[in-house]
Structures are given as structure tokens and as C-alpha cells.
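Nothing fancy with the numbering, it's 1 onward along the sequence.
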Amino acid sequence: MIPANVLQPLIDVANSILTFLHDMGFVYGTAIVLLTFIVRAAILPLSLRQIRSMREMSAIQPLLKEIQEKYKDDRQRMQREQMQLFQEHGVNPLASCFPLLLQLPVFITLFYLLQGDEFQNEVRAAGEESWLFINDITEKATGSSLIILLILYIGTSVIAGLIMTGGRSASTQQRLITMVLPIIFTPIMIGFPAGLLVYWIATNVWTMGQQAVVRLFFPPPPQPTPEEVKASRPPPP
């Protein structure tokens, strides 16, 4: 109950937003999807910064591989050279983690909200426990509903992850991690209320749409050759 107490202000805010959306005429299942989009819109500046950082990271991959190969027997020197390379090109390797870290408190908040008696009573009083193919958004999904949710969760997670890592331009290790992580988390997701799976699927759909818009209106620049990347480095002091 300690996390619930710490996150109580966020729980109250999430409850207020869902109640407002419900009063606007949306059923609670749709309100969860809209809450997801509101959260993603709020952290959009960080998401765009993440995309920019990943593009910059992709641009300096040839130099990173060169450093890893050159100092493979000296890990401390390798790390120093990599950090120097990041500083020279203004790349923050942790920038891609910020949007995910900001979503975790929302995920936990929604978990406690969906399990709270007050919210469950509101949903049942409105007669809106079921949504689409889900029997009860506040309870664990079972049967065919669970199978469909897991297929959507794994499928959208893999697609969104591959899009974020650059698809074919990503390394084999990155693609493997992207495809394996959703499967690893599947046993955990089974124990969550169905509404949380809806939230995660919705955020994956937002990621896919966001990347499509960014690539359409802000296409990435052509990848420089290793020689061009080296030429762009400032001269040593």
C-alpha cells in the first residue's frame, strides 16, 4: 500500500480525468484509451527528443563500432572514448529512456486505480464493466479476451519497438531484444487488470502513429559515410 499512498495525488488526477471523459459521453474503456493519448501528448517533447537522440546515435554507429573494435581489450578506455564521442556530437544515450520512465508512474497509478473499490463501483454503477470483447476492464482478463489482448500487446509492442529502434537499420541485438522483451513480460501482464493491457496497447498504437507522422513530415537525413562522420569531429585540442 506504500506505493499507492505515495501516488495518491496521481491516482486522484487519473480518476478525475477518467470521470471527466466519462461525463463527456465516453464509456470507461474508451476513456482509458483517451487517458493514454493525453499522457503521451503531455510527454511529446521528450518523445521527440528521444527520436532525435536515436537518430544521432544511429549516425555515429560507425565510429562507435570502430572504438569498440579498437579498444575491445581495454573496457575502461573504450568507455572513456565512447563518452567523449557522445559529448562531441551532443548525444545523450539515456534520452531514449526518459519517456518510458515517465510512463511507469502512470502505469502504476492506473493499476491501483483499476483495483480501487471506489472506481470499480463507479464502473459497475454505470454498467460499463465490459468493453468491446473484454468482460470486465477492472478485472484480470480470461479466456478468449485474454488471448486477444496478449496477441495485441505482443504484436503492437514488437512493431512499436522495431519502429523506434530503426527497423532494418537496427542491430541484430536490438531487434532480438525488441522481440523478446514483450514475451518475457507476458506472464506479468496476465496478472494485471484488463484495463492496463488496454493502456499498454494504446500507448504502442500511439508510438506507431507518432513515428509514422515524424517520418512523413520530418524524414531522417541520409546516413553519412564513416569518412563524413570522422570529418565532422572537431580537431583534438
Side-chain angles (χ1 to χ4, degrees), residues 14 17-18 21 26-44 46-51 53-55 96-111 113-114 130-218 220:
I17 294 175
L18 290 177
L21 293 172
F26 299 101
V27 298
Y28 279 106
T30 305
I32 291 175
V33 175
L34 294 177
L35 172 64
T36 307
F37 292 165
I38 291 172
V39 171
R40 291 305 304 268
I43 64 173
L44 186 58
L46 282 177
S47 298
L48 295 178
R49 184 178 177 183
Q50 172 193 18
I51 294 172
S53 179
M54 293 182 70
R55 286 181 176 179
S96 59
C97 303
F98 294 151
L100 178 60
L101 292 176
L102 286 177
Q103 289 181 73
L104 286 179
V106 181
F107 185 83
I108 299 172
T109 294
L110 194 56
F111 170 78
L113 178 62
L114 291 172
S130 61
W131 183 68
L132 298 179
F133 55 87
I134 302 173
N135 295 326
D136 193 334
I137 59 173
T138 65
E139 299 289 344
K140 299 177 184 177
T142 57
S144 59
S145 297
L146 177 60
I147 294 174
I148 295 173
L149 283 171
L150 290 180
I151 291 175
L152 291 174
Y153 157 70
I154 295 174
T156 57
S157 296
V158 170
I159 295 173
L162 289 175
I163 291 175
M164 288 299 296
T165 55
R168 294 180 179 179
S169 63
S171 65
T172 303
Q173 183 179 7
Q174 286 179 314
R175 291 197 297 269
L176 182 62
I177 292 175
T178 299
M179 291 185 287
V180 169
L181 275 182
I183 298 175
I184 292 177
F185 284 111
T186 295
I188 301 175
M189 301 299 286
I190 291 175
F192 289 146
L196 272 180
L197 284 168
V198 171
Y199 168 83
W200 206 258
I201 293 169
T203 198
N204 288 336
V205 171
W206 173 282
T207 299
M208 294 157 59
Q210 174 182 281
Q211 286 296 110
V213 171
V214 169
R215 289 193 176 189
L216 179 63
F217 294 101
F218 308 99

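Using a 4.5 Å cut-off on side-chain heavy atoms (C-beta onward), M189 and L196 make no contact. With contacts defined as side-chain heavy-atom distances shorter than 4.5 Å, the pair L132/V198 does not qualify.
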Which is it for L34 and F26 under the side-chain contact (heavy atoms from CB on, under 4.5 Å) test, yes or no, and what are the steps along the way?
CA-CA 9 Å; L34 294 177; F26 299 101; 3.8 Å; yes

Before giving the answer on side-chain contact (heavy atoms from CB on, under 4.5 Å), spell out for R40 and T207 the whole-Å C-alpha distance, their side-chain angles and the decisive distance to 0.1 Å.
CA-CA 9 Å; R40 291 305 304 268; T207 299; 2.9 Å; yes

Evaluation steps, side-chain contact (heavy atoms from CB on, under 4.5 Å), between V33 and V205
CA-CA 10 Å; V33 175; V205 171; over 6 Å; no

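Note: F192 and F111 have perpendicular aromatic rings, judged against thresholds of 30 and 60 degrees for the angle between ring planes.
For T203 (side chain) and Y199 (main-chain N/O), no donor-acceptor pair under 3.5 Å exists by modelled atom type.
Minimum interatomic distance between P193 and L114 (heavy atoms only, all atoms of both residues): CB-CD1, 4.0 Å. Residues A14 and T109 approach most closely at CB-CG2, 4.0 Å, considering heavy atoms. Closest of all the heavy-atom pairs between I134 and I137 is CG2-N, 4.1 Å. Residues V158 and P182 approach most closely at CG2-CG, 4.1 Å, considering heavy atoms. Closest heavy-atom contact between N204 and T156: ND2-OG1, 3.0 Å. Between I159 and M208, the closest heavy-atom pair is CG2-CE, 3.9 Å.
Exactly one of L150, I154, L152 qualifies for a side chain to side chain contact (heavy atoms under 4.5 Å, CB included) with I201. That residue is L152.
In this structure, the separation between CD1 on I183 and OH on Y153 is 9.5 Å, given to the nearest 0.5 Å. Note that the CG atom of L113 and the OG1 atom of T138 stand 10.0 Å from one another [nearest 0.5 Å]. To the nearest 0.5 Å, atom CG of residue L149 and atom CH2 of residue W200 are 15.0 Å apart. Rounded to the nearest 0.5 Å, atoms CG (L21) and CD1 (I38) are 5.0 Å apart.
More than 12 heavy-atom neighbours from other residues, nucleotides or ligands sit within 6.0 angstrom of CZ on F37.
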